Amino acid sequence: MTEEPCQCSDCQRFYKEHDRLIREFPTFKQQQELNWASIQSFRTLCSKVTNELQRQLSERESSEDIGLEEKHITDIEITETLDELESVNAYLYSIEALMERVFDTKISKNIELKFKEIASELAPDPLNMDRLMLNRLFHQTPDSPDKKNIN
Ligand SMILES: [Zn+2]
C-alpha cells in the first residue's frame, strides 16, 4: 500500500477542493448542510436541463422547421442524454433519501469542537490517506463501464 498518489490535473483539482471543503466547512453540521445543498443544486440543474431537452424534442416532433440556434444538438443526442439524465436523477433521488438519514444525526457542541480540531489537522495535509482513497473512487467513477446501465 505504498502507492504514489496520482498527480494528474483532475486529481490535483480534487485534492485542493477536498481540503478546501474541510477547511471552510469544519463541523459536522456544516458538512451536512453543504452536502445537502450540493445534492439539491445538482438535482435542480439536472431536472431543469431534462425539462428543457424534453421540450425541445417535442417541439421538433410537432414542427418541421427547427430554429437554427437549436440545430447544433441532434435528436439522437437529446434522446440519449435524456436516458442518461433519467438514471442520474434516480440516483440523486436515492442519495437524497440517504442524506435525509444523515441529517437525522445531531452532534453535541463538544464533539463539534473535535470535528474542528481534526479538520484543521486534516486540511493542510496533502497526503491524507482517507482523501486518497476517496479520490480513487472519484477518479474511477466517471468512465467506469460497470456503473452504467445498472437498471
Ligand atoms: Zn488522477
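Position 1 is the first residue of the sequence, and the numbers go up from there. The model shown is predicted, which means the values in this text are computed figures rather than measured ones.
Checked against salt bridge (charged side-chain N to carboxylate O under 4.0 Å, His left out), Glu96 has the following partners two or more places apart in sequence or in another chain: Arg43. When the salt bridge (charged side-chain N to carboxylate O under 4.0 Å, His left out) test is applied to Lys116, no partner is found at least two apart in sequence or on another chain. Remark: Glu112 engages no residue in a salt bridge (charged side-chain N to carboxylate O under 4.0 Å, His left out) (not counting sequence neighbours). Phe25 pairs by the ring-ring contact (aromatic ring centres under 6.0 Å, His included) definition with nothing, not counting sequence neighbours. Looking at residues two or more places apart in sequence or on another chain, you find no side-chain hydrogen bond (donor to acceptor under 3.5 Å, both in side chains) involving Gln54. Taking the salt bridge (charged side-chain N to carboxylate O under 4.0 Å, His left out) definition, one finds that Glu77 meets it with nothing, sequence neighbours left out. Residues forming a side-chain hydrogen bond (donor to acceptor under 3.5 Å, both in side chains) with Thr50 (at least two apart in sequence, or on another chain): none. Legend: residues meeting side-chain hydrogen bond (donor to acceptor under 3.5 Å, both in side chains) with Glu80, ordered by chain and number and at least two apart, are absent. Residues that satisfy the side-chain hydrogen bond (donor to acceptor under 3.5 Å, both in side chains) test with Gln30, not counting sequence neighbours, are Thr27. Judged as a side-chain contact (heavy atoms from CB on, under 4.5 Å), and not counting sequence neighbours, the contacts of Phe42 are Cys46, Leu92. For the side-chain contact (heavy atoms from CB on, under 4.5 Å) test, no residue two or more places apart in sequence or in another chain qualifies with Leu98.
Contact annotation: the side chain of Gln32 never approaches that of Trp36 to less than 4.5 Å [non-hydrogen atoms, C-beta and beyond]. Looking at Lys16 and Arg20, their side chains never come closer than 4.5 Å, going by heavy atoms from C-beta outward. Between Gln7 and Pro5, some side-chain heavy-atom pair lies under the 4.5 Å cut-off.
Leu21 and Phe28 end up in different hydrophobic clusters when Ile, Leu, Val, Met, Phe, Trp and Tyr side chains are linked at under 4.5 Å. Each of Ile39 and Tyr91 belongs to its own hydrophobic cluster when Ile, Leu, Val, Met, Phe, Trp and Tyr are linked at side-chain heavy-atom distances under 4.5 angstrom.
Closest non-hydrogen pair, Cys6 versus Tyr15, comes out as O-OH, 2.6 Å. Nearest heavy atoms, Ile22 versus Ala123: CG2-CB, 4.0 Å. Listed here is the closest heavy atom pair of Ile78 and Leu53: CG2-O, 3.8 Å.
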Anything under 3.5 Å between a donor and an acceptor, one on a side chain of residues 99-108, the other on a protein residue two or more places apart or in another chain? List them.
| from | atom 1 | to | atom 2 | distance (Å) |
| --- | --- | --- | --- | --- |
| Lys106 | NZ | Phe103 | O | 3.3 |
| Ser108 | OG | Ile111 | N | 3.4 |

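Ion pairing of Lys48 with Glu52 is absent here, as no side-chain N (NZ or NE/NH1/NH2) approaches a carboxylate O to less than 4.0 Å.
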